[in-house]
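Scroll down for the structure; my scribbles are underneath it.
In this text, all values refer to a predicted model and were calculated from it rather than measured experimentally.
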Amino acid sequence: METSLPILSLSAAALAGAAAAFPKIQARIALSRAKHRSLTGHSKMSKMVARMVPHYEFDIDDFFRSDGAPKDIAMQRQDGFFRLAGLYGDRYPKGRALTAEVTERISDLQFTETYRVPFQYSRLVREHLGTSAFVEASSGVTVTDVDGNVFYDLTGSYGVNIFGNDFYKECIAEGERRAHALGPVLGPYHPVIADNVKRLCELSGLDEVSFHMSGTEAVMQAVRLARYHTKRKRLVRFAGAYHGWWGDVQPGVGNPVSPHETFTLADMSEKTLHVLRTRNDIACVLVNPLQALHPNSNAPGDSALVDSSRSSKYDRAAYTEWLKKLREVCTERGIVLIFDEVFVGFRLAAGGAQEYFGVKADMATYGKSLAGGLPVGVVCGRKDLMRRFRDDRPADICFARGTFNSHPYVMTAMDEFLSRLGSPNFRSIYNGLDETWNGRARGLNERLKAAGLPVRVGNISSIWTVYYTEPSRYNWMLQYYLRAEGLALSWVGTGRLIFTLNYTDADFAEVSDRFVAAAEKMKRDGWWWHKPGLTNKNIKRQILKEMVAVRFGR
């Protein structure tokens with residue numbers, strides 16, 4: 001008996017420990033199940049995989065037949081490639097020379113010039129299809145580069161340009177006139193800020209406002225305030241969503257230090273809702289409504305276009321239902337629901353994504369277009385969440401400041417923007433907006449299908465992406481044919497096309513003609529040839545074999 005008592009005591013202690021640990025184990029399993037199964041949901045794994053990918057590049061022979069194309073198809077592609085190169089050289093001499101000169105000193109350009117296409121093809125593309133980074137004029141829906149070439153603008157200035165360049169020129173010019181008497185005096189407010197705050201609260205349906213210098217800063221402050229008031233530390237974001245480049249919302253590739261308080265979970269998932277219902281440490285959930293266009297996928301860019309698996313799955317009704325469920329759970333659990341509307345705010349509806357999807361957030365962040373074309377970030381939120389101090393604990397504060405917050409020129413340009421937005425005549429631009437842009441996308445897709453072209457477009461209103469219907473390693477070439485037809489794209493190529501709302505039917509018809517012409521020329525040059533039975537899975541296996549061979553020196 002003397003020996004059995006200690007054993008029984010140890011057994012009881014072990015059982016008690018296991019019982020105490022069991023809920024934690026259950027929570028951990030539930031969290032793992034709620035993460036998206038792809039690398040977009042597993043930041044640590046994505047960084048590990050990124051470190052393992054070796055660099056290699058195709059020489060001029062393998063460049064044109066990396067998919068096993070026969071010699072005649074490879075020569076067809078090569079002829080098309082160098083025909084384009086000759087056109088680029090003739091058409092953009094000043095712009096290309098200026099871009100090459102400044103790239104040596106601008107790190108941003110070094111990055112974008114390198115990552116326009118998959119890295120295996122990048123060197124030859126940079127050498128022969130170098131693009132111009134410079135434009136010097138805009139008018140209507142077009143921009144003009146330094147060589148005098150006029151392009152239809154499909155860049156949307158990264159989302160800033162909703163209503164057209166002329167609209168923003170007017171906002172900036174009038175804003176400058178009104179701010180001129182005060183000038184760049186920082187600290188005190190320009191009187192116009194009172195009107196801005198009132199209208200922002202009305203548009204957002206929220207109580208208070210804080211101003212910042214960028215959309216990234218606005219999201220940082222919204223998350224900080226949510227943590228401060230909930231006394232919880234965890235942040236939930238959804239796989240693939242972009243919320244700026246700061247550390248806590250970029251936990252995977254691109255951030256040298258992985259945050260430990262961020263959960264990246266699957267969008268539109270019941271398992272995610274289960275995690276939110278059962279954990280007590282989640283301060284806030286960040287939603288970027290643009291993800292409705294491609295749930296659980298990273299923002300599409302042609303540098304990752306290694307096959308044809310890019311897709312567009314926008315379903316407004318389904319995404320609305322998801323947001324409503326998310327709203328219910330966040331309310332039930334005291335989790336702050338933050339809509340990051342830096343990109344989509346004022347593009348989908350005058351009241352932003354909250355109005356468009358009919359779901360009320362606790363906080364909303366804005367940027368991009370709001371300052372009439374100038375830089376800004378704004379947080380709108382419930383009164384209880386916006387307070388940065390505690391009355392009963394004077395040393396307990398939530399600090400946030402910025403030298404250029406509420407800059408007079410930004411505030412007057414913002415007032416110009418909001419005044420125009422508030423005009424009933426101007427508001428009519430939103431009438432039938434989805435029907436217009438859905439019809440345009442549908443019409444273009446019908447033309448592409450009728451022409452036997454393996455290209456389609458998907459859209460959420462005026463924000464579009466291009467996807468491909470047949471397996472290919474060369475879809476990224478389409479961006480160069482589109483540019484040759486006079487369509488201006490951002491550095492992500494066909495990943496995102498952003499139209500301004502002042503595109504007329506005639507303007508769009510011209511863009512549609514040029515898009516189809518570009519795709520026809522690309523098909524003519526053999527880029528969409530593929531072996532019978534080729535699949536996206538086959539392509540990925542081939543790329544893996546190439547990497548293994550390089551890695552192990554075979």
Between Tyr242 and Phe343, is the ring pair (Phe, Tyr, Trp, His ring centres under 6.0 Å) condition met? List the steps. CA-CA 10 Å; Tyr242 182 74; Phe343 195 98; 9.2 Å; no
Apply side-chain contact (heavy atoms from CB on, under 4.5 Å) to Leu98 and Glu101, showing your working. CA-CA 5 Å; Leu98 191 55; Glu101 177 186 339; 4.0 Å; yes
Pair Leu497, Leu487 - check side-chain contact (heavy atoms from CB on, under 4.5 Å), show working. CA-CA 10 Å; Leu497 312 180; Leu487 301 180; over 6 Å; no
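Side-chain contact check for Leu326 versus Val329: every heavy-atom pair is 4.5 Å or farther apart. Using a 4.5 Å heavy-atom cutoff, the side chains of Gln479 and Val117 are in contact. Side chains of Phe508 and Val141 form no contact here, defined as non-hydrogen atoms less than 4.5 Å apart. Between Gln120 and Ile543 there is a side-chain heavy-atom pair separated by less than 4.5 Å. Proximity of Leu154 to Trp464: side-chain heavy atoms (C-beta onward) are nowhere separated by under 4.5 Å. Counting only heavy atoms from C-beta outward, the side chains of Leu84 and Tyr88 approach each other to under 4.5 Å.
By the side chain to side chain contact (heavy atoms under 4.5 Å, CB included) test, Leu433 is found to be paired with Tyr430, Trp437, Ser461, Leu501, residues two or more places apart in sequence or in another chain being considered. Under the salt bridge (Lys or Arg N to Asp or Glu O under 4.0 Å) criterion, Asp145 pairs with no residue at all, not counting sequence neighbours. For Ala137, the side chain to side chain contact (heavy atoms under 4.5 Å, CB included) partners at least two apart in sequence or on another chain are Thr144. Taking the ring pair (Phe, Tyr, Trp, His ring centres under 6.0 Å) definition, one finds that Tyr314 meets it with nothing, sequence neighbours left out. The salt bridge (Lys or Arg N to Asp or Glu O under 4.0 Å) check on Arg473 picks up Glu546, with sequence neighbours excluded. Evaluation of the ring pair (Phe, Tyr, Trp, His ring centres under 6.0 Å) rule for Phe238 yields Trp322 as partners, not counting sequence neighbours.
Listed by first then second residue, pairs satisfying ring-ring contact (aromatic ring centres under 6.0 Å, His included) with a partner in residues 250-271 number zero, not counting sequence neighbours. Under the side chain to side chain donor-acceptor pair (under 3.5 Å) criterion, the residue pairs touching residues 526-538 are Glu470-His530, Asn475-Trp528, Tyr481-Trp527, Thr535-Asn538, with sequence neighbours excluded. Under the salt bridge (charged side-chain N to carboxylate O under 4.0 Å, His left out) criterion, the residue pairs touching residues 478-491 are Glu485-Lys521, with sequence neighbours excluded. The ring-ring contact (aromatic ring centres under 6.0 Å, His included) contacts involving residues 100-121 comprise Tyr56-Phe119, Phe58-Tyr121, Phe63-Tyr121, Phe111-Tyr115, Phe111-Trp491, Tyr121-Tyr474, Tyr121-Trp476, where partners must be two or more places apart or lie in separate chains. Within the structure, the side chain to side chain donor-acceptor pair (under 3.5 Å) test picks out the following pairs touching residues 285-295 (sequence neighbours left out): His294-Arg496. Among pairs with a residue in residues 288-314, those fulfilling salt bridge (charged side-chain N to carboxylate O under 4.0 Å, His left out) read Asp302-Arg310, Asp307-Lys540, at least two apart in sequence or across chains.
Taking each heavy atom of Ala292 and Ile460 in turn, the nearest pair found is CB-CD1, 4.2 Å.
More than 12 heavy atoms of other residues, nucleotides or ligands sit less than 6.0 Å from atom CH2 of Trp246. Other residues, nucleotides and ligands place more than 12 heavy atoms under 6.0 Å from the CD atom of Glu127. Crowding of Arg33 atom CZ: a count of heavy atoms from other residues, nucleotides or ligands under 6.0 Å not exceeding 12.
Aromatic ring pairs are classed by plane angle as parallel below 30°, tilted from 30° to 60° and perpendicular above 60°; the pair Phe81 and His128 is perpendicular.
A donor-acceptor pair under 3.5 Å is absent between the side-chain atoms of Thr465 and the main chain of Gly458, judged by distance alone. At least one donor-acceptor pair under 3.5 Å links the side chain of Thr99 to the backbone N or O of Ala133.
Between Arg524 and Glu520 no salt bridge is recorded (no basic side-chain N to carboxylate O distance below 4.0 Å).
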